[in-house]
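Inspection log for the structure reproduced underneath, given as structure tokens.
Since the model is a prediction, treat every value here as computed from it, not as a measurement.
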Amino acid sequence: MSEETYAIPVVSFTGKSGSGKTTLLEQLIAELNARGFRVGVLKHTVHHAEFDGQGKDTHRHRAAGGSPVAIDSPGLFALFQPLDEAMSLDQIIDQYYTLCDIVITEGFKREKQPQFVVLGETADTMPDPLPEHILGFVCDGPVQTDKPVFTRADIKPVADLIQETFLKDVSRSEVRVWVDGQFIPVKPFVKAFIGRTIKGMVSALKGARDPEKIHIKIGR
């Protein structure tokens, strides 16, 4: 799987526990949001995780055989979906992150999406073997590499590299495409092209000047 697989850009931050990935991502997510981008975030763990508390209503619903089980509130929606096997990264992106401009992941070091390797204070924790598609390293000490090296304080430069590499053609239009009931992921520059073209054509119709939302259904 290469980075071309994803209709939405995916950038991972990998590194050993305690290297400072989560703190770095907190600041990076805030910086990208401040620039107007919709940032999805996904954390990977190799350990079995139980996110639903024993005795909670949703846990009881799941124990009774509900699948999936969800909880909805005015400010948050959570879905619990039992899995027979782990979902692939591209399955997760296509199913849950279709309206994001970019997805930042913590982990997924064995996948082949572009990655920043977070080393922390020194390069002593350099992974072996290295991931295939390295964008750069985050380390407060020297790193012997031809890739860019950032310190953990270099939030804006890291955001600059991500924006320049992946977010130059972001469209503000929420363009979603279904074909025969199946959602079709669309790359950002294609999304921008479709949005501009359709909006331009529809705006020329009588009574449809400067529309906010457009729904088109084409059948045989």
Quiz item: Partners of Lys43 by side chain to side chain contact (heavy atoms under 4.5 Å, CB included), sequence neighbours excluded?
Solution: Glu106
Self-check item: From CE (Met201) to CD1 (Ile214), nearest 0.5 Å
Solution: 10.0 Å
Quiz item: Which pairs, with at least one residue in residues 66-83 and sequence neighbours excluded, count as a side-chain hydrogen bond (donor to acceptor under 3.5 Å, both in side chains)?
Solution: none
Quiz item: Excluding sequence neighbours, so at least two apart, what forms side chain to side chain contact (heavy atoms under 4.5 Å, CB included) with Ala70?
Solution: Phe77, Leu79
Quiz item: Can you find a pair of side-chain heavy atoms, one from Ile102 and one from Ile162, that are under 4.5 Å apart?
Solution: yes
Quiz item: Looking at Thr105, Leu135, Leu28, Val117, which one forms a side-chain contact (heavy atoms from CB on, under 4.5 Å) with Phe13?
Solution: Leu28
Quiz item: Do any pairs count as a ring-ring contact (aromatic ring centres under 6.0 Å, His included) and have a residue in residues 135-154, sequence neighbours left out, and if so which ones?
Solution: none
Quiz item: Who are the side chain to side chain contact (heavy atoms under 4.5 Å, CB included) partners of Ala208, not counting sequence neighbours?
Solution: Val202, Leu205
Quiz item: Is the closest side-chain heavy-atom distance between Val41 and Val103 below 4.5 Å?
Solution: no
Practice problem: Start with the C-alpha gap between Val10 and Leu89, add the side-chain angles, then the distance that decides, and say whether side chain to side chain contact (heavy atoms under 4.5 Å, CB included) holds. | Solution: CA-CA 9 Å; Val10 179; Leu89 181 54; 4.1 Å; yes
Quiz item: Does any N or O in the side chain of Thr98 come within less than 3.5 Å of the main-chain N or O of Asp94, such that one atom is a donor and the other an acceptor?
Solution: no
Quiz item: What distance separates Gln163 CD from Leu161 CG, expressed to the nearest 0.5 Å?
Solution: 10.5 Å
Quiz item: Which value, rounded to the nearest 0.5 Å, describes the distance between Glu121 atom CD and Ser19 atom OG?
Solution: 10.5 Å
Practice problem: Hey, could you give me the CD/CG distance between Gln113 and Asp90, rounded to the nearest 0.5 Å? | Solution: 10.5 Å
Quiz prompt | Point-to-point distance, once rounded to the nearest 0.5 Å, from NZ of Lys147 to CD1 of Ile134 | solution = 7.0 Å
Quiz prompt | Minimum-distance pair of heavy atoms, taken over all atoms of Gly20 and Arg152 | solution = CA-NH1, 4.5 Å
Quiz item: Transitively linked via ILVMFWY side-chain contacts under 4.5 Å: Val69 with Tyr96?
Solution: no
Exercise. Identify the heavy atoms of Ile92 and Tyr97 that sit nearest to each other, and give their distance.
Key: O-CD1, 3.6 Å
Practice problem: Using a 4.5 Å cut-off on heavy atoms from C-beta on, say whether the side chain of Ile155 contacts that of Leu24. | Solution: yes
Exercise. Return yes when atom CD of Gln144 has more than 12 non-hydrogen atoms of other residues, nucleotides or ligands closer than 6.0 Å, and no otherwise.
Key: no
Quiz item: With side chains defined as the heavy atoms from C-beta onward, is the minimum distance between Ile198 and Ile216 less than 4.5 Å?
Solution: yes
Self-check item: Side-chain heavy-atom pair Gln95, Met87 within 4.5 angstrom cut-off
Solution: yes
Quiz item: Would you call Arg35 and Asp160 a salt bridge, taking side-chain N to carboxylate O under 4.0 Å as the test?
Solution: yes
Self-check item: Ring geometry between His44 and Phe108 (parallel below 30°, tilted from 30 to 60°, perpendicular above 60°)
Solution: tilted
Quiz item: Are Leu25 and Thr23 close enough that some pair of their side-chain heavy atoms sits under 4.5 Å apart?
Solution: no
Quiz item: Tell me, do Val138 and Val149 make a side-chain contact under 4.5 Å, heavy atoms counted?
Solution: no
Quiz item: Any donor and acceptor pair, going by atom type alone, linking the side chain of Asp140 with main-chain N or O of Thr151 inside 3.5 Å?
Solution: no
Exercise. Could you pull out all residues at least two apart from Ile71 that satisfy side chain to side chain contact (heavy atoms under 4.5 Å, CB included)?
Key: Thr58, Ala78, Phe80
Quiz prompt | Donor-acceptor pair, side chain of Gln115 and main chain of Thr14, under 3.5 angstrom | solution = no
Self-check item: Value rounded to 0.5 Å, distance of CD in Glu85 from CG in Leu83
Solution: 8.5 Å
Quiz item: Considering only heavy atoms from C-beta outward, does the side chain of Lys21 approach that of Lys16 to under 4.5 Å?
Solution: no
